Number of protein chains: 2
Amino acid sequence: MEKDTALAALGALAQGARLDIFRLLVQAGSDGLPAGQIAGRLGLPANTLSFHLNQLRHAGLISFRRESRSLIYAAEYSAMNALLAYLTENCCQGNPGACLPPKEMNHD
Amino acid sequence: MEKDTALAALGALAQGARLDIFRLLVQAGSDGLPAGQIAGRLGLPANTLSFHLNQLRHAGLISFRRESRSLIYAAEYSAMNALLAYLTENCCQGNPGACLPPKEMNHD
DNA sequence: TCTATAATTCCATTATTGTGGAATCATGGA
DNA sequence: TCCATGATTCCACAATAATGGAATTATAGA
């Protein structure tokens, strides 16, 4: 991942309303949520929400699709995972056991 | 993790110089690096570096210890890991297989 | 085509943040 | 005690970001 991409993503997440929006979408899964529903759940004015959705979108953290009159936003998990990887890259002089939490196997 | 803590950490990382500093320390491991060496490697004026180290420290992402005339800074891995966990909390309606990368076992 | 709804864009105001020069503090050695 | 070194704090200026009112665009139904 490029540094600029990571910076854009971190900058997008470093704001209360946007962090809430992003986590809401992360939790919602790939079905996503229409803008109006996000505004309702978080109590944000439509234009303010729109501004923040744009920031998240430009940072590559969310995407949207139109469904009739609604725009449905969803988290971009690949961007999120790339960011997490960037932060921990080459940690501890290449000995990640020293700092990363023990990973578990998937159970599926 | 508290939202405010996550916001502080993200805000601290959402800046070019600080992202470089933090990643340098993550890579350096728990031995850490003296401020002067960080300044040298990243080409930052001492006072500017000091300002950024303070931001990272207040966000809980790094800590320091004195060793003679040097202050040695080191990444706080627990804070980093808590942040990563916060971002992915309850993802995909509790079905993380849908968005998180497959975890592997440690080999040690 | 007229109206209602969902959402966005434009704009001005306010607040926050980053930067580096100069002064200061802390430590250790002569 | 005096000096050199490593680092921080103080301060003012410049740049960037967040907010919400009003106007605008897109879609669908009567």
Side-chain angles (χ1 to χ4, degrees), chain A residues 3-25 28 31-76, chain B residues 3-25 28 31-76:
Chain A
K3 178 180 167 186
D4 287 354
T5 312
L7 270 179
L10 289 165
L13 293 172
Q15 204 279 340
R18 288 197 296 266
L19 185 54
D20 288 342
I21 295 166
F22 182 71
R23 298 215 320 146
L24 187 59
L25 291 178
D31 289 352
L33 289 173
Q37 206 162 124
I38 301 173
R41 289 213 212 174
L42 300 180
L44 292 169
N47 58 352
T48 298
L49 174 71
S50 205
F51 168 75
H52 290 308
L53 287 171
N54 234 317
Q55 304 287 111
L56 288 166
R57 199 160 57 74
H58 275 109
L61 287 168
I62 64 176
S63 60
F64 73 101
R65 63 183 193 277
R66 181 177 280 278
E67 231 164 70
S68 175
R69 271 178 287 197
S70 298
L71 297 187
I72 315 262
Y73 286 86
E76 277 292 325
Chain B
K3 178 179 168 186
D4 287 355
T5 312
L7 270 178
L10 289 164
L13 293 172
Q15 204 279 338
R18 288 198 294 266
L19 185 54
D20 288 341
I21 295 166
F22 182 71
R23 297 215 320 144
L24 187 59
L25 291 178
D31 289 352
L33 289 173
Q37 206 162 126
I38 301 172
R41 289 212 213 174
L42 300 179
L44 292 169
N47 57 353
T48 298
L49 174 70
S50 205
F51 169 76
H52 289 308
L53 287 172
N54 234 317
Q55 304 286 110
L56 288 166
R57 200 159 56 73
H58 275 109
L61 287 168
I62 64 175
S63 59
F64 74 102
R65 63 183 193 276
R66 183 176 279 278
E67 230 164 71
S68 176
R69 270 177 291 197
S70 297
L71 296 188
I72 316 263
Y73 285 85
E76 276 293 325

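Predicted model only: the values in this text are computed from it and were never measured. A, B, ... follow the sequence lines: proteins, then strands. Residue 1 opens every chain.
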Counting only pairs under 3.5 Å, give me each side-chain donor-acceptor contact of residues 53-66 of chain A, with atom names and distances, residues two or more places apart or in other chains.
{"residue": "A:N54", "atom": "OD1", "partner": "A:R57", "partner atom": "NH2", "Å": "3.1"}
{"residue": "A:N54", "atom": "OD1", "partner": "A:H58", "partner atom": "ND1", "Å": "3.4"}
{"residue": "A:H58", "atom": "ND1", "partner": "A:N54", "partner atom": "O", "Å": "3.1"}
{"residue": "A:S63", "atom": "OG", "partner": "A:E76", "partner atom": "OE2", "Å": "3.0"}
{"residue": "A:R65", "atom": "NE", "partner": "A:E67", "partner atom": "OE2", "Å": "3.1"}
{"residue": "A:R65", "atom": "NH1", "partner": "A:D31", "partner atom": "O", "Å": "3.3"}
{"residue": "A:R65", "atom": "NH2", "partner": "A:D31", "partner atom": "O", "Å": "3.2"}
{"residue": "A:R65", "atom": "NH2", "partner": "A:E67", "partner atom": "OE2", "Å": "3.3"}
{"residue": "A:R66", "atom": "NH1", "partner": "A:S68", "partner atom": "O", "Å": "3.1"}

For a quick test of your reading: what N or O donor-acceptor pairs under 3.5 Å do the side chains of residues 12-20 of chain A make, sequence neighbours left out?
{"residue": "A:Q15", "atom": "OE1", "partner": "A:A17", "partner atom": "N", "Å": "2.9"}
{"residue": "A:Q15", "atom": "OE1", "partner": "A:R18", "partner atom": "N", "Å": "3.1"}
{"residue": "A:R18", "atom": "NE", "partner": "A:A12", "partner atom": "O", "Å": "2.6"}
{"residue": "A:R18", "atom": "NH1", "partner": "A:H52", "partner atom": "ND1", "Å": "3.1"}
{"residue": "A:R18", "atom": "NH2", "partner": "A:G11", "partner atom": "O", "Å": "3.3"}
{"residue": "A:D20", "atom": "OD1", "partner": "B:K3", "partner atom": "NZ", "Å": "3.2"}
{"residue": "A:D20", "atom": "OD2", "partner": "B:K3", "partner atom": "NZ", "Å": "2.8"}

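Smallest separation of non-hydrogen atoms from B:L49 and B:A35: CD2-O, 3.2 Å. When all heavy atoms of A:G32 and A:I72 are compared, the closest pair comes out as C-CG2, 3.9 Å.
B:R18 comes within 4.0 angstrom of sugar-phosphate atoms only, judged by non-hydrogen atoms across all strands, and of no base.
Contact annotation: the side chain of A:I38 approaches that of A:L24 to within less than 4.5 Å [non-hydrogen atoms, C-beta and beyond]. For the pair B:Y73/B:L71, a side-chain contact is recorded, criterion being any heavy-atom separation below 4.5 Å from C-beta on.
Per the geometry, CZ belonging to B:F51 stands 12 Å off C1' belonging to C:dG20, to the nearest Å. The distance between atom CZ of B:F64 and atom C1' of D:dA7, rounded to the nearest whole Å, is 11 Å. Atom-to-atom, CG of A:L49 to P of C:dA6 comes out at 14 Å; the value is rounded to the nearest Å. The distance between atom CG of B:D20 and atom P of C:dG18, rounded to the nearest whole Å, is 14 Å. Protein atom CZ of B:R65 is 16 Å distant from nucleotide atom P of C:dT27, rounded to whole Å. As a whole-Å value, the separation of A:R57 CZ from C:dT8 C1' is 10 Å. Across the protein-nucleic acid pair, A:R69 atom CZ and C:dA6 atom P stand 7 Å apart, rounded to whole Å.
Between A:T48 and D:dT19 there is no side-chain N or O to OP1 or OP2 distance below 4.0 Å. OP1 and OP2 of D:dA17 both lie 4.0 Å or more from every side-chain N or O belonging to A:H52. At the phosphate of D:dG6, neither OP1 nor OP2 sits under 4.0 Å from any side-chain N or O atom of B:R66. In terms of phosphate contacts, B:S70 brings no side-chain nitrogen or oxygen within less than 4.0 Å of OP1 or OP2 of D:dG6. The side chain of A:Y73 contributes an N or O atom lying less than 4.0 Å from OP1 or OP2 of C:dT8. A sub-4.0 Å separation between OP1 or OP2 of D:dT27 and a side-chain N or O of A:S68 is absent.
Sorted by residue number, the members of residues 33-45 of chain B with any non-hydrogen atom under 4.0 Å from DNA chain D read B:P34, B:A35, B:G36.
Rounded to the nearest 0.5 Å, atoms OG (B:S50) and CG (B:L44) are 11.0 Å apart.
If you check C:dT19, D:dT9, C:dT9 against the side chain of B:S50, the one that comes closest is D:dT9.
Positionally, the nearest nucleotide of DNA chain D for B:N47 lies more toward the 5' end than for the other of A:A17 and B:N47.
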